[in-house]
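Structure, as structure tokens:
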Amino acid sequence: MLYDGRPVELTAEQEEVASMFAIMKETDYMKKPTFLKNFWEGFKEVLGRSHVIKGLDKCDFSPIYDHLMAERDKKKALTKEEKAAIKVQKDAAEAKYKHALVDGRQEQVGNFRVEPPSLFRGRGEHPKMGKIKQRVYPRDITINIGRDAPIPEHPYPGQRWKEVRHDNTVTWLAYWRDTVNPKEYKYVWLGATSSFKAESDLLKYEKARKLKDYIDDIRKNYKRDWGSSDVRRKQMGVAVYFLDKLALRAGHEKDDDEADTVGCCTLKVENVECVPPNHIKFDFLGKDSIRYENTVDVEVPVYKAVEAFTKVDARGKRKGLRDMVFDTFDATDLNKELKALMDGLSVKVFRTYNASITLDRLLAEMEEAEDAYAGKTVDAKKADYDRANKEVAILCNHQRAVPKTHETSMAKVTEKLNAMREEIKALEEEHEAALRAKGKGKNPDAIASKLSKKMTALERAELQAAVKEDLKTVALGTSKINYMDPRITIAWCKRNEVPIEKVFNKSLLNKFHWAMDVESGFRF
DNA sequence: GCCCGTGACTCAGAAATATTCCA
DNA sequence: GTGGAATATTTCTGAGTCACGGG
């Protein structure tokens with residue numbers, strides 16, 4: 001690298017850290033002062049006190065960046081055969097880490113690799129972004145194996161595992177402390193197909209299904225609480241209403257060394273706006289600093305209550321913009337209260353319940369809306385499914401960044417659509433001309449049939465384009481993987497003769513193996 | 001008893017990689 | 001049939017939730 005225009009020699013360790021920074025050249029982190037400041041503090045320490053490099057502004061990392069890019073290109077330029085050979089070798093080397101023997105069963109391991117050193121990439125305005133995540137060694141890692149199992153080898157001679165445990169009350173295979181956030185742990189777990197994960201998945205959905213039997217009473221309860229003279233009761237009544245209606249996350253309190261995000265219990269006055277006569281406008285950063293923006297119609301007592309909660313606290317003191325809307329309880333208190341309503345109930349159960357019941361309802365509505373629904377084309381039914389999936393994703397606020405290629409590919413699609421429209425116009429003219437010619441020219445019926453085919457193709461393409469535009473910021477996968485009971489989907493497929501492979505990819509098929517034999521009449 | 005930190009698990013979007021599609 | 005762009009899948013690891021245990 002260069003400093004003040006001159007080449008600088010770095011030790012291997014210094015070069016590694018410089019490379020972590022160089023590789024991030026094209027990311028938005030480079031514009032964030034917190035990132036730059038944290039990185040410089042870490043880099044400065046690695047450089048040592050008397051180093052010529054005295055600051056980041058005269059550093060030029062582009063030689064490193066160019067080198068890394070050249071390496072990347074070299075890899076890309078390998079022939080198909082060379083790439084395949086490398087992959088075979090890699091797979092063979094990794095094979096033995098991919099399975100674990102658990103109670104005599106062979107199970108898939110999830111993440112078997114330890115996280116390599118890098119710069120911490122926190123989401124949103126994370127105070128720790130840019131800090132150096134240190135290399136983790138066997139001496140940092142606690143492993144969990146059977147009492148009689150041989151202690152696995154590691155590639156660092158002279159080191160021992162931090163600890164070897166035999167704990168059959170937990171499901172992790174290994175853990176270590178995160179170096180950026182020492183109070184947090186990183187774990188190695190079994191894969192999504194494992195018995196442990198499958199069992200807890202089923203449990204999760206069964207708990208959410210149980211809420212169905214309690215929800216009427218819970219609603220009656222919270223409606224009554226809206227009129228309570230006890231502020232805590234009243235606030236909880238409104239909070240549970242939000243969970244029920246909007247599927248918000250719990251919102252636990254956060255430390256100053258984390259990004260400033262909120263959930264239901266940590267909503268601040270600045271996050272809600274009462275818009276007469278009965279609308280509430282939510283605007284806040286939730287998990288992963290994803291913005292939640294939603295204006296909802298609420299019942300009048302809720303509107304009045306929220307208006308009051310944003311003005312004064314339980315003791316009558318005026319609230320500021322940064323004060324909490326619900327000042328009489330936190331997420332733990334709320335969960336405790338929910339336990340009293342239903343065994344095992346917690347805030348997140350509402351989210352699972354809401355997502356699953358919504359999918360179930362939307363699919364059923366579509367089936368009921370048409371005679372002989374099962375006779376529709378598979379593509380049309382899949383489009384219906386995706387529409388329902390989209391509703392759920394929007395409910396859960398599952399967003400994604402607009403794909404980098406979206407604009408260009410959308411322009412191409414528009415161009416294609418226009419070309420099709422031109423073609424149709426030409427065909428229409430040709431058709432009329434043929435009709436006028438009365439048998440002397442081309443056969444008008446042949447043109448008409450060609451025309452109608454083109455029109456159908458256009459309609460399909462237009463629909464596809466609209467869906468694409470519609471979904472550019474919506475992530476469908478998260479709800480499919482985590483929130484919608486797979487039995488709803490599988491039963492729907494069975495009822496309507498849609499191959500399950502159309503809806504679930506290979507990993508989801510494996511992950512949801514426990515749900516495959518559900519009967520076609522299953523309703524959530 | 002309660003509260004608060006800790007531990008262990010689920011859920012999240014981006015990035016990397018694999019596959020498919022289309023000119 | 002081919003190559004590269006578009007799209008789908010997989011990997012990665014950060015960011016939540018929530019129960020529990022110990023002081």
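We use all heavy atoms of the structure for the numbers below, so side chains are in, but hydrogens, waters and symmetry mates are not. Just so we're on the same page: letters track the sequence lines, and every chain starts at 1. Keep in mind the model is a prediction, meaning the values are calculated, not measured.
- Across the protein-nucleic acid pair, A:I481 atom CD1 and C:dC12 atom P stand 15 Å apart, rounded to whole Å.
- None of A:K254, A:H126, A:R322 except one satisfies the side-chain hydrogen bond (donor to acceptor under 3.5 Å, both in side chains) rule with A:D260; the exception is A:R322.
- Checking the phosphate oxygens (OP1, OP2) of C:dG16, no side-chain nitrogen or oxygen of A:H252 falls inside 4.0 Å.
- OP1 or OP2 of C:dC12 has at least one side-chain nitrogen or oxygen of A:R113 nearer than 4.0 Å.
- Contacts of A:G286 with the nucleic acid, taken as non-hydrogen atoms under 4.0 Å apart, involve only primed sugar atoms and P, OP1 or OP2.
- Put simply, A:K287 has no side-chain N or O that comes within less than 4.0 Å of OP1 or OP2 on B:dC11.
- A:I290 comes within contact range of the sugar-phosphate backbone alone, with a heavy-atom separation under 4.0 Å but no base atom that close.
- Within the nucleic acid shown, A:A259 has no heavy atom closer than 4.0 Å to any nucleic acid atom.
- Using a 3.5 Å distance cut-off with no hydrogens or angles, the side chains of A:R105 and A:S195 do pair a donor with an acceptor.
- Taking side-chain N and O atoms only, A:K83 has no distance below 4.0 Å to OP1 or OP2 of B:dT17.
- Close to C:dC12, at under 4.0 Å from its OP1 or OP2, lies no side-chain N or O of A:R121.
- One interatomic measurement links the two molecules: CG of A:D330 to P of B:dC4, which rounds to 10 Å at whole-angstrom precision.
- Of the residues listed (A:D485, A:I490, A:D360), the one engaging A:F522 in a side chain to side chain contact (heavy atoms under 4.5 Å, CB included) is A:D485, and it is the only one.
- Rounded to whole Å, atom P of C:dG16 lies 12 Å from atom CZ of A:F284.
- Taking atom CZ of residue A:R291 and atom C1' of nucleotide B:dG13, one finds them 18 Å apart after rounding to whole Å.
- Among the protein residues, A:K339 comes within range of the sugar-phosphate backbone only, with heavy atoms under 4.0 Å from sugar or phosphate atoms but none that close to a base.
- At B:dT17, none of the side-chain N or O atoms of A:R72 fall inside 4.0 Å of OP1 or OP2 (strictly under the cut-off).
- Residue-to-nucleotide proximity on DNA chain C shows that, of A:K506 and A:S289, the 5′-proximal contact is made by A:K506.
- Atom-to-atom, CD of A:E253 to C1' of B:dT6 comes out at 17 Å; the value is rounded to the nearest Å.
- Between the side chains of A:T377 and A:D379, no donor N or O sits under 3.5 Å from an acceptor N or O.
- The side chain of A:H126 contributes an N or O atom lying less than 4.0 Å from OP1 or OP2 of C:dA15.
- Backbone-only contact: A:K133 has heavy atoms under 4.0 Å from sugar-phosphate atoms and none from a base.
- Cation-pi check for A:K162 over A:W176 is not met; the charged atom does not lie both under 6.0 angstrom from the ring centroid and within 45 degrees of its normal.
- Neither OP1 nor OP2 of B:dC9 sits under 4.0 Å from any side-chain N or O of A:S200.
- No engagement by A:P182 is indicated, since no non-hydrogen atom pair under 4.0 Å with the nucleic acid exists.
- At the heavy-atom level, A:R249 lies under 4.0 Å from the strands shown only through sugar-phosphate atoms.
- Residues A:E206 and A:K210 are not paired through a salt bridge, judged by the lack of any N-O separation under 4.0 Å between the basic side chain and the carboxylate.
- At a threshold of 4.0 angstrom between heavy atoms, the contacts of A:K468 are confined to the sugar-phosphate backbone, with no base atom among them.
- Of all nucleotides listed (C:dA15, B:dC9, B:dA14), B:dA14 comes nearest to the side chain of A:A401.
- Counting non-hydrogen atoms under 4.0 angstrom, A:G477 reaches nothing in the nucleic acid.
- Protein atom CZ of A:F120 is 16 Å distant from nucleotide atom P of B:dA14, rounded to whole Å.
- With respect to the salt-bridge test (charged N to carboxylate O, under 4.0 angstrom), the residues A:D343 and A:K339 do not qualify.
- In this structure, A:K472 atom NZ and C:dA6 atom P are separated by 17 Å, rounded to whole Å.
- Checking the phosphate oxygens (OP1, OP2) of C:dC18, a side-chain nitrogen or oxygen of A:N335 falls inside 4.0 Å.
- The shortest distance between the side-chain N/O atoms of A:Y175 and the OP1/OP2 oxygens of B:dC9 is not below 4.0 Å.
- Using a 4.0 Å heavy-atom distance criterion, A:E258 is classed as making no nucleic acid contact.
- A cation-pi arrangement is present between A:K25 and A:Y65 under the rule of less than 6.0 angstrom and at most 45 degrees off the ring axis.
- One can place CG of A:D257 at 13 Å from P of B:dG5, the figure rounded to the nearest angstrom.
- Proximity of A:T478 to the phosphate of B:dG13: a side-chain N or O atom is located under 4.0 Å from OP1 or OP2.
- Residue whose closest nucleotide on DNA chain B sits further toward the 5' end, between A:K348 and A:R400: A:K348.
- Side-chain N/O atoms of A:K336 include none lying less than 4.0 angstrom from OP1 or OP2 on C:dC18.
- Residue A:A250 has its side chain nearest to C:dT17 when only B:dC9, C:dT17, C:dG14 are considered.
- Along DNA chain C, the nucleotide closest to A:K186 and the one closest to A:N505 are compared, and the more 5′ of them pairs with A:N505.
- Residue A:Y187 is classed as a base contact, given a heavy-atom separation below 4.0 Å to a base.
- Judged by closest nucleotide on DNA chain B, A:K204 is the one of A:K204 and A:K87 placed further toward the 5' end.
- Nearest to the side-chain atoms of A:K254 among the listed nucleotides B:dC11, C:dT13, C:dG16 stands C:dG16.
- Between A:W189 and the phosphate of B:dA8, there is no side-chain N or O to OP1/OP2 separation shorter than 4.0 Å.
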